[in-house]
Novice: 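Here it is: the structure, laid out below.
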Amino acid sequence: MIEVLTYITEHAVQWGAVVLLMLGLYIVMTRGNLIKKVIGLNIFQTAVFLLYISIGYVLDGAAPIVLEGAERYSNPLPHVLILTAIVVSVATTSLALALIVRIQEAYGSIEEDEILEHGET
Amino acid sequence: MERLHVIVLVILLIALAVTLIRLRSLLAIAILTGVYSLIMAVVYTLLDAVDVAFTEAVVGAGITLTLMLAAISLTTRSETKPGKRTKQRAVGAVTALAAGMALIYATTDMPGLGDADAPVHLHVAPYYIEVGPIETGVPNIVTAILASYRGFDTLGEVAVIFTAGISVMALLWRWGKDDR
Amino acid sequence: MSEHLIVRVVSKMLIPFILLFALYVQMHGDYGPGGGFQAGVIFATAFIIYAIVFGVKRAIRVMPLTVLTAMVSLGLVLYAMVGFVSLAAGGTFLDYGALDSHDPVHGQHLGIIIIELGVGITVAGVLTAIFFTFAERWQK
């Protein structure tokens, strides 16, 4: 019983990240509204970030800033990668939103179905 | 204890994500993504990633939210009620479930959360932690790696931000049509 | 939004402190959490608040577009120049140890401070410019 509980506490965050990733993927695939698609992509991204940060975590470790008396530090390498990824994600999000604004002006709608109909006629 | 706090917060994040799927009002969705980012920042803090938490808080809850609101005010406030889309929903659900099952199967091989002997902590990380602050004279190891050991990476990233800024201005700015 | 007295006064009071905090985060990034990205974002936030409260026309008078576009490129150029200077000083590209011929650790620290400054300038410029672009479109 204790073993099962330990196993769950050790892996629950990874499962949580996977569930968030599934929800993000579902939003991107099923919603027709383009802004909602961008939000789904953001959720997808944060799920990956969460997985990476949880890999870098060390139990009873300190944050990776040199500290008197600290024995163990969390792994700083995933932090660096995700720091970069977060800033790139805001750049891509802003570009996506700018494109959406242009699509609204060209087609009068940001719903996928209506844009497709507009293209056929 | 920290691990339990993180698990509770991750459950909260999942609940928020499910709400985001069901909501129609884009304004409410944008504001909830701000809340989502703040909770995510708390999770990062609990997992000892202070630099990442700081970035997520300022970027996710600050800038992304502002840009979302700006884009919503330029387009539309709510999602129109979609048609049945049964086929699309089924395909989406099946794909997401398949990807999720494969990933959960993969996590069974992963070391547990906070395991100090996991392979990822035994390769280059000890070198960065021991030698990094001495070689660079910077106590914050994350800054030392970001700016010095991974300088090329960061240069490319600044170039990405530069490109995104230029592209947004090229797409949206109406040059010469006003008295700026 | 400038017709609301409370919003106007509070934002005017807050903006200097936001800018100061951004500079603190920029310069203190070596010793605590923070650095160029976070500082740049906070710096941009101050101008975004100003644009939201007083309108983008007045904000552009405070932060002219020429300055903004110069900032966007200046940070990236500053970063790349550090690489070329270290190349000229006998090291490899972006090897800051070569910046100071006597003490490589000092050179490393100097290089990190300059490139963080470059990152901060570019991020602040880009985010302010993006918001101004969206807001300018909305005004008409």
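Chain naming here is simple, since letters A, B, ... match the order of the sequence lines and numbering starts at 1 in each. These numbers come from a predicted model, not from an experiment.
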Novice: How long is the straight-line distance from OH of B:Tyr44 back to OG1 of A:Thr46, given to the nearest 0.5 Å?
Specialist: 6.0 Å

Novice: Quick one: closest heavy-atom pair of A:Leu25 and B:Ala96, and the distance?
Specialist: CD2-CA, 3.9 Å

Novice: Measure across A:Tyr57 and B:Asp48 and return the closest heavy-atom pair with its distance rounded to 0.1 Å.
Specialist: CE1-OD2, 3.7 Å

Novice: Heavy atoms only: give me the nearest B:Gly92-A:Thr30 pair and the separation to one decimal.
Specialist: CA-CG2, 4.1 Å

Novice: Do A:Pro76 and B:Ile129 touch side chain to side chain, with heavy atoms closer than 4.5 Å?
Specialist: yes

Novice: Distance-only, no hydrogens or angles: does the A:Lys36 side chain make a donor-acceptor pair with backbone N or O of B:Leu20 under 3.5 Å?
Specialist: yes

Novice: Heavy-atom distances under 4.5 Å only: say whether B:Ala118 touches chain A with side chain, backbone, both or neither.
Specialist: neither

Novice: Between A:Leu95 and chain B, which part of the residue has a heavy atom less than 4.5 Å away: side chain, backbone, both or neither?
Specialist: both

Novice: If you round to the nearest 0.5 Å, how far is CG of B:Leu97 from CE of A:Met22?
Specialist: 4.5 Å

Novice: Under a 4.5 Å heavy-atom cutoff, which of B:Thr33, B:Thr154, B:Thr95, B:Thr76 has the most pairs with chain A?
Specialist: B:Thr95

Novice: Looking only at heavy atoms and a cut-off of under 4.5 Å, which of B:Ile11, B:Val10, B:Ile7 has the most pairs with chain A?
Specialist: B:Ile7

Novice: Sub-3.5 Å donor-acceptor pair from the side chain of A:Asn75 to the main-chain atoms of B:Val120, do we have one?
Specialist: yes

Novice: Relative to chain B, which of A:Ile39, A:Ile82, A:Val19 shows the most heavy atom pairs under 4.5 Å?
Specialist: A:Ile39

Novice: Report which part of A:Asp60 has an atom under 4.5 Å of a heavy atom belonging to chain B: side chain, backbone, both, or neither.
Specialist: neither

Novice: How about A:Val87 and B:Thr55: do any of their side-chain heavy atoms sit closer than 4.5 Å?
Specialist: yes

Novice: Enter the distance from B:Ile145:CD1 to A:Leu83:CG here, rounded to the nearest 0.5 Å.
Specialist: 11.0 Å

Novice: Just give me the residue among A:Asn33, A:Leu77, A:Thr6, A:Leu34 that pairs up with chain B most often, heavy atom to heavy atom, under 4.5 Å.
Specialist: A:Asn33

Novice: Quick one: what part of B:Thr108 sits under 4.5 Å from any heavy atom of chain A, side chain, backbone, both or neither?
Specialist: both

Novice: Would you call B:Gln88 and A:Arg31 a side-chain contact if the rule is heavy atoms closer than 4.5 Å?
Specialist: no

Novice: Sort B:Val43 into side chain, backbone, both or neither according to what part of it lies under 4.5 angstrom from a heavy atom of chain A.
Specialist: side chain

Novice: Check this for me: B:Tyr128, atom OH, are more than 12 non-hydrogen atoms of other residues, nucleotides or ligands nearer than 6.0 Å?
Specialist: yes

Novice: Can you tell me which portion of A:Leu67 sits under 4.5 Å from chain B's heavy atoms? Options are side chain, backbone, both or neither.
Specialist: neither

Novice: Measure B:Leu67 against the heavy atoms of chain A and call it side chain, backbone, both or neither at under 4.5 Å.
Specialist: both

Novice: Just give me the residue among A:Ser54, A:Gly24, A:Ala17 that pairs up with chain B most often, heavy atom to heavy atom, under 4.5 Å.
Specialist: A:Ser54

Novice: Are B:Arg150 and A:Thr84 packed together at the side-chain level, in the sense that at least one heavy-atom pair is separated by less than 4.5 angstrom?
Specialist: no

Novice: Considering only heavy atoms from C-beta outward, does the side chain of B:Met110 approach that of A:Glu10 to under 4.5 Å?
Specialist: no

Novice: Just so I understand: if I count every heavy-atom pair under 4.5 Å between each of B:Leu16, B:Thr143, B:Leu103 and chain A, which residue has the most?
Specialist: B:Leu103

Novice: Answer whether the closest heavy-atom distance between the side chains of B:Thr107 and A:Trp15 falls below 4.5 Å.
Specialist: yes

Novice: For A:Thr9, is it the side chain, the backbone, both, or neither that has a heavy atom closer than 4.5 Å to a heavy atom of chain B?
Specialist: both

Novice: Quick one: what part of A:Ala85 sits under 4.5 Å from any heavy atom of chain B, side chain, backbone, both or neither?
Specialist: neither

Novice: Restricting to non-hydrogen atoms, name the atom on B:Ala116 and the atom on A:Arg72 that form the minimum distance, rounded to 0.1 Å.
Specialist: CB-NH1, 3.0 Å

Novice: Answer with side chain, backbone, both or neither: which region of A:Leu99 has an atom nearer than 4.5 Å to a non-hydrogen atom of chain B?
Specialist: both

Novice: Indicate the atoms forming the closest heavy-atom contact of B:Glu157 with A:Val88, along with that distance.
Specialist: CG-CG2, 3.8 Å

Novice: Can you tell which part of B:Pro126 gets under 4.5 Å to a heavy atom of chain A, answering side chain, backbone, both or neither?
Specialist: neither

Novice: Which one wins on heavy-atom pair count under 4.5 Å against chain A: B:Leu13, B:Leu9, B:Asp51, B:Val52?
Specialist: B:Val52

Novice: Could you grab the distance from atom CZ of A:Phe49 to atom CE of B:Met40, nearest 0.5 Å is fine?
Specialist: 8.5 Å

Novice: Would you say the side chain of B:Asp115 lies within less than 4.5 Å of the side chain of A:Leu59, judging by non-hydrogen atoms?
Specialist: no

Novice: Is the closest side-chain heavy-atom distance between A:Arg102 and B:Leu171 below 4.5 Å?
Specialist: yes

Novice: Could you look at A:Val101 and say if it's the side chain, the backbone, both or neither that has a heavy atom under 4.5 Å from chain B?
Specialist: both

Novice: Return the option, out of B:Ile29, B:Val50, B:Val160, with the maximum number of heavy-atom pairs under 4.5 Å with chain A.
Specialist: B:Ile29

Novice: Non-hydrogen atoms of chain A under 4.5 Å away: do they reach the side chain of B:Val124, the backbone, both or neither?
Specialist: side chain

Novice: Is B:Tyr36 close to chain A through its backbone or its side chain, or both, or neither, when contacts mean heavy atoms under 4.5 Å?
Specialist: side chain

Novice: Measuring heavy-atom distances to chain B, does A:Glu114 have an atom under 4.5 Å in its side chain, in its backbone, in both, or in neither?
Specialist: side chain

Novice: Heavy-atom pairs under 4.5 Å with chain A: which of B:Pro139, B:Ala125, B:Ala93, B:Ala71 has the most?
Specialist: B:Pro139

Novice: For the interface with chain B, which of A:Ile27, A:Leu20, A:Val90 has the highest count of heavy-atom pairs at distances below 4.5 Å?
Specialist: A:Leu20

Novice: Supply the atom-to-atom distance A:Ile100 CD1 to B:Met68 CE, rounded to the nearest 0.5 angstrom.
Specialist: 8.0 Å

Novice: Is chain B contacted by the side chain of A:Ile110, its backbone, both, or neither, given a heavy-atom distance below 4.5 Å?
Specialist: side chain

Novice: First locate atom CG of B:Leu146, then atom NE2 of A:His79, and finally report the distance between them rounded to the nearest 0.5 Å.
Specialist: 13.0 Å

